[in-house]
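Accompanying notes for the structure given below.
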Amino acid sequence: MSIYQSPFPPGAAGVSLTACMERWPDETEHPFFGRKPGLTNTLAKRCVIPTDRALPINQVLSATYPFRPYNISAPQIGRDLMSLAVAHGLPAYDTHMDKFVIRGGNPLLGTIRVSGAKNAALPAMAAALLTDEPVILENIPQVRDIETTRKLLAAMGAEVELGYGRAQHRTTISCRNLTSPEASYELVKTMRASTLVLGPLVARCGRARVSLPGGCAIGGRPIDLHIKGLELLGATITQDHGYVEATAKRLHGGEILFDKITVTGTEDLLMAATLADGETVMLNCAREPEVADLADLLNKMGARIEGAGTSTIRVKGVDKLHGARHRIIPDRIEAATFIIAGALTGGDLNVAGCDPHHLGALLEKLNEVGVKTARTADSVRVMGDNPPKAADMVTEEYPGFPTDVQAQYMALATQAEGTSIITENIFENRFMHAQELVRMGANIKIEGRRAVVRGKTPLSAAAVLASDLRASASLVLAALVADGETIIDRVYHIDRGYEHIEEKLRGVGAQIRRIGEILPKKAAAPAARG
Ligand code: EPU
């Protein structure tokens with residue numbers, strides 16, 4: 001099922017291409033595309049063509065391609081179908097063009113619910129590669145990175161069932177036959193966390209071939225520490241044509257000292273070590289709750305891990321892991337985003353279904369800036385009746401202030417009395433949102449890894465561009481307090497990690513809607529002059 005909804009109002013819209021294409025799962029012979037794994041899904045995500053004039057999709061396809069287009073790429077077919085719809089006088093919609101339109105000024109009031117943690121769900125899905133029995137994961141957020149991981153695992157031969165209806169947050173992954181232990185560039189370039197399959201694949205299959213991720217909007221993100229750790233566990237590593245290949249008859253235990261704290265690096269090697277021969281000791285590990293959650297799942301699968309969530313993890317390797325059922329922890333970054341939204345808009349917001357223990361650094365910082373919060377075991381209420389005061393902030397590894405909340409905190413700092421200095425210690429280039437905030441009226445100067453934010457400047461609506469997942473979130477927050485209607489472009493970034501954010505925010509009083517780019521009807525040919 002697609003996470004995208006048809007943007008056309010009910011009645012006006014006919015059948016979306018998504019719905020039509022779903023009748024042909026990738027494995028079956030498609031009447032027009034033949035066997036093209038992945039193609040129909042890619043198309044389904046990209047195009048929504050309303051067929052309110054009862055233009056059946058088969059007719060659209062057969063008109064476009066009288067012959068089977070074996071050598072045509074999905075984006076090309078997408079573009080062709082869009083032009084065809086336009087030629088038929090139908091508005092055509094490309095989901096990659098989604099925008100948010102946000103009118104600022106409303107305080108957020110009421111209760112907003114937090115979804116499962118994307119960054120815990122991704123390694124949990126990769127962990128299913130370690131066993132030939134089904135792994136059932138609950139509280140999986142419906143976000144695009146999950147869909148990308150489904151494709152990644154399916155391309156290796158895994159059966160990944162994403163739930164529907166009431167079970168829509170459950171996925172069952174069965175990796176009985178892994179035919180192709182590879183992660184292609186096509187997938188890795190859209191989601192760097194794809195490299196999480198490296199460790200489990202080499203541990204289970206004895207071989208893994210994974211594309212190197214390359215650069216990224218938030219800075220260089222090498223995977224040298226994953227590779228070094230696997231070598232220590234006995235894997236032979238080669239690199240060519242942009243891919244890293246790891247092979248090992250069986251990994252063996254060893255002592256891994258991380259030069260630098262890495263979250264997915266710790267997770268990757270933790271998974272690899274579960275099936276290694278002997279004991280592995282990992283030092284200077286990431287202590288993020290997502291690492292502890294992964295270890296919980298692995299232990300349910302029969303692994304013998306101690307110390308996850310601290311900087312030293314010990315793993316006693318076992319011969320085999322089995323299936324398990326596991327509930328993913330709540331998303332602390334989504335919770336933090338909503339808490340800041342409540343404070344920023346001067347609202348009274350109950351952020352429900354989160355784990356306040358995972359939010360310590362943020363709650364302390366909010367206390368320092370004068371924002372009142374109250375917590376229960378699984379919720380945080382934020383009361384934004386006091387205007388915030390400026391306070392410096394430094395991002396650090398957990399339990400420090402998360403880099404994934406830096407952009408959102410910057411939006412808050414623009415509305416605080418005084419000057420806040422924000423230091424980004426984890427990534428080298430994670431200030432792309434600053435210039436967009438400046439376009440909305442913020443006073444921010446970037447000096448290397450520091451941003452100097454002088455508050456409190458009124459924000460005014462503007463057309464702005466989202467550059468990565470958390471940058472998009474900060475622009476949404478700024479727009480909620482800006483004067484007028486802000487348009488945020490490229491919200492596909494936010495769809496990677498926030499589940500139905502516009503619906504959730506609307507539910508607590510925000511004025512936010514999603515629009516697609518509706519291509520204009522083709523102009524009628526000018527009448528010939530007599
Ligand atoms: N690093 C290396 N070598 C490595 C690995 C990391 O030098 O082999 C460096 C990175 O360049 C960076 C630092 O170590 O400067 C920390 O990177 P880390 O490996 O911890 O980041 P990650 O595992 O790739 C995860 C989250 C990110 C989050 C960071 C930091 C997932 C799937 N991703 O990334 O989440 O920002 O940890 O907390 O868990 C997001 O959700 O928006 C996001 C980017």
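Residue indices begin at 1 and follow the sequence shown.
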query: Could you go step by step and tell me if L196 and M125 meet the side-chain contact (heavy atoms from CB on, under 4.5 Å) rule?
result: CA-CA 9 Å; L196 276 167; M125 290 176 80; over 6 Å; no
Exercise for the section: Compute the ring centroids of Y243 and Y185, then answer whether they are less than 6.0 Å apart. Expected result: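 Between Y243 and Y185, the centre distance exceeds or equals 6.0 Å.
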Quick check: does any side chain N or O of [X] sit under 3.5 Å from a backbone N or O of [Y], one acting as donor and the other as acceptor?
| X | Y | value |
| --- | --- | --- |
| E396 | F401 | no |
| N177 | T179 | no |
| T171 | E161 | yes |
| R325 | L137 | no |
| N425 | T395 | yes |
| S472 | V491 | no |
| E424 | F427 | yes |
| K504 | R113 | yes |
| D378 | D355 | no |
| S194 | M191 | yes |

Distance-only donor-acceptor check, side chains [X] and [Y], under 3.5 Å:
| X | Y | answer |
| --- | --- | --- |
| Q408 | S474 | no |
| R287 | S311 | no |
| H493 | D468 | no |
| S184 | K189 | no |
| Q406 | H433 | yes |
| Y398 | R332 | no |
| S174 | E133 | no |

How long is the gap from [atom1] on [X] to [atom2] on [Y], to the nearest 0.5 Å?
| X | Y | atom1 | atom2 | result |
| --- | --- | --- | --- | --- |
| L152 | L129 | CG | CG | 8.0 Å |
| T195 | I223 | OG1 | CD1 | 5.5 Å |
| M271 | L201 | CE | CG | 9.5 Å |
| D331 | F338 | CG | CZ | 9.0 Å |
| L477 | M410 | CG | CE | 12.5 Å |
| H500 | S115 | NE2 | OG | 8.0 Å |

Checking side-chain hydrogen bond (donor to acceptor under 3.5 Å, both in side chains) against Y498, which of R470, E334, K118 comes through?
->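 Exactly one option meets the side-chain hydrogen bond (donor to acceptor under 3.5 Å, both in side chains) with Y498, and it is R470.
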Practice task
For a side-chain hydrogen bond (donor to acceptor under 3.5 Å, both in side chains) with H169, tell me which candidate from R327, Q142, E499, E138 qualifies.
Solution key: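 Answer to the side-chain hydrogen bond (donor to acceptor under 3.5 Å, both in side chains) test with H169 among R327, Q142, E499, E138: E499.
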Any [X] side-chain heavy atom under 4.5 Å of [Y] side chain:
| X | Y | result |
| --- | --- | --- |
| L363 | L359 | yes |
| T373 | N367 | no |
| L198 | L230 | yes |
| M282 | L269 | yes |
| V135 | T172 | no |
| V244 | I227 | yes |
| V197 | M156 | yes |
| L270 | I313 | yes |

The side-chain hydrogen bond (donor to acceptor under 3.5 Å, both in side chains) partners of D145 (sequence neighbours excluded) come to R496
Can you tell me if CD on E306 sees more than 12 non-hydrogen neighbours from other groups inside 6.0 Å? no
ask   = For L505 and I501, what are the C-alpha separation, side-chain angles and deciding distance, and is it a side-chain contact (heavy atoms from CB on, under 4.5 Å)?
value = CA-CA 6 Å; L505 289 174; I501 189 170; 3.8 Å; yes
task: Run through R490, K99, R144, R514 and flag the one making a salt bridge (Lys or Arg N to Asp or Glu O under 4.0 Å) with D495.
output: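 Of all the options given, the one that passes is R514.
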Could you check V476 against F100 for side-chain contact (heavy atoms from CB on, under 4.5 Å), going step by step and ending with a plain yes or no?
CA-CA 8 Å; V476 169; F100 280 157; 4.1 Å; yes
Electrostatic pair [X]:[Y] at N-O distance under 4.0 angstrom:
| X | Y | result |
| --- | --- | --- |
| R381 | D348 | yes |
| R176 | D132 | no |
| E147 | R150 | yes |

Under 3.5 Å, side-chain donor or acceptor atoms of residues 292-302 against the rest of the protein: list the pairs with distances, not counting sequence neighbours.
| residue | atom | partner | partner atom | Å |
| --- | --- | --- | --- | --- |
| D293 | OD1 | H326 | NE2 | 3.0 |
| D293 | OD2 | H326 | NE2 | 3.4 |
| N299 | OD1 | I305 | N | 3.0 |
| N299 | ND2 | I305 | O | 3.2 |
| K300 | NZ | H326 | ND1 | 2.7 |

Looking only at heavy atoms, the pair that brings L130 and A203 closest together is CD2-CB, 4.1 Å
**OP:** Give the minimum heavy-atom separation between P141 and A117, together with the two atoms involved.
**Re:**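 Here P141 and A117 meet closest at CG-C, 4.3 Å.
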task = Mind running side-chain contact (heavy atoms from CB on, under 4.5 Å) on L109 and V508 for me, showing each step along the way?
result = CA-CA 5 Å; L109 303 169; V508 288; 5.9 Å; no
